[in-house]
Q: 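Please find one structure pasted underneath; my questions will follow.
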Amino acid sequence: MRIVDSVAGYISDRPAGDIGFVPTMGALHKGHESLIARSVAESELTVASIYVNPTQFNNPDDLAAYPDTLVEDKARLESLGVDVLLLPTYSQIYPDGYRYQVEETQFSHELCGAHRAGHFTGVLTVVMKLLNIVRPRRAYFGEKDYQQYRLISDMVETFFLDVEIVPCPIVRESDGLALSSRNLNLDACSREKAPLIHQLISSELDNDEIAGRLKDSGFEVDYILSRDGRRFAAATIGRNPPVRLIDNVPLAGAGEIK
Ligand code: PAF
């Protein structure tokens with residue numbers, strides 16, 4: 001695996017051809033593994049990036065607590081068959097100091113966007129930059145961040161970018177908890193409660209009842225909402241640090257709206 005720690009270095013020797021790209025913020029888990037495996041299976045070359053993008057963190061404590069497992073991540077990517085790992089820095093990604101931003105003005109303010117000011121502008125801006133640097137044929141995103149996937153997919157269409165955005169199904173623990181890098185920060189008690197989110201949103205209960213039950217179990221609930229044939233949840237559990245979890249499931253009987 002070739003490790004490239006500079007954007008200029010990547011661009012001056014940019015891999016060409018049928019490239020699959022998996023952008024990540026590190027702290028890799030089996031969800032990321034599934035994206036990489038899909039890219040490796042479908043592409044001549046797989047490029048991954050690890051970049052903890054500060055502009056998408058609305059809360060500095062969340063950024064500070066974000067897990068860092070770079071040594072293990074590199075070994076994992078290499079063993080999965082990644083060909084190139086891009087490890088950019090802030091000044092390389094944001095030579096403009098984040099003066100230029102990609103903003104979506106509607107859906108990005110709903111669901112998570114209603115609770116995380118500026119989050120999706122940070123995501124869309126960094127993804128636009130990474131796609132322009134890497135120039136992949138396909139880029140892979142997990143459906144746990146379903147709103148992110150939809151916003152990126154619409155951005156690509158809107159700006160006529162020549163890349164296919166490939167959604168990949170959520171990978172879960174055996175108790176139903178959706179894999180997330182943030183799960184590493186769950187203390188034992190919160191980890192025990194965390195699968196409740198998936199259990200409840202997969203049940204017949206209505207959204208208000210689910211929110212009530214989560215609150216009774218110690219969660220702070222941002223939203224339980226149904227739209228586009230899915231039920232979406234975001235809730236925070238624990239104190240040290242508080243861990244915000246998101247999840248979504250297709251609604252029974254509802255066709256997927258793409
Ligand atoms: O899903 C993520 O890990 C991040 O939001 C992404 C797409 C790598 C952009 O920083």
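Predicted, not measured: the structure shown is a model, and the values here were computed from it. Counting starts at 1 for both ligands and their atoms, following the listed order.
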Q: Starting from atom 3 (O) of ligand 1, locate the nearest protein heavy atom and write down its residue, its atom name and how far away it is, to 0.1 Å.
A: Met25 CG, 3.7 Å
Q: Does Asp175 have any salt bridge (charged side-chain N to carboxylate O under 4.0 Å, His left out) partners at least two apart in sequence or in another chain, and if so, which?
A: Arg191
Q: Just to be sure I'm reading this right: ignoring hydrogens, which of Gln56, His119, Lys129, Lys144 gets closest to atom 4 (C) of ligand 1? Compare them by their nearest heavy atoms.
A: Gln56
Q: Would you mind telling me which of Val166, Asp162, Leu161 makes a side chain to side chain contact (heavy atoms under 4.5 Å, CB included) with Glu164?
A: Val166
Q: Verify the distance criterion only: is there a donor paired with an acceptor across the side chains of Gln92 and Tyr51 at less than 3.5 Å?
A: no
Q: Strictly below 4.0 Å, N to O, side chains only: are Asp18 and Arg138 in salt-bridge contact?
A: yes
Q: Ignoring angles and geometry beyond distance, decide whether Asp145 reaches within less than 3.5 Å of ligand 1 through its nitrogen or oxygen atoms.
A: no
Q: Got a list of side-chain donor-acceptor pairs under 3.5 Å for residues 233-246, not counting sequence neighbours?
A:
| from | atom 1 | to | atom 2 | distance (Å) |
| --- | --- | --- | --- | --- |
| Arg244 | NE | Asp222 | OD2 | 2.8 |
| Arg244 | NH2 | Asp222 | OD2 | 3.0 |

Q: Using a 4.0 Å heavy-atom cut-off, say whether Ile152 meets ligand 1 through its side chain, its backbone, both or neither.
A: neither
Q: Students should be able to answer this: which protein heavy-atom is nearest to atom 5 (O) of ligand 1, and at what distance?
A: Gln148 OE1, 2.7 Å
Q: Quick one: which ligand 1 atoms are inside 4.0 Å of a heavy atom on Val126?
A: 9 (C), 10 (O)
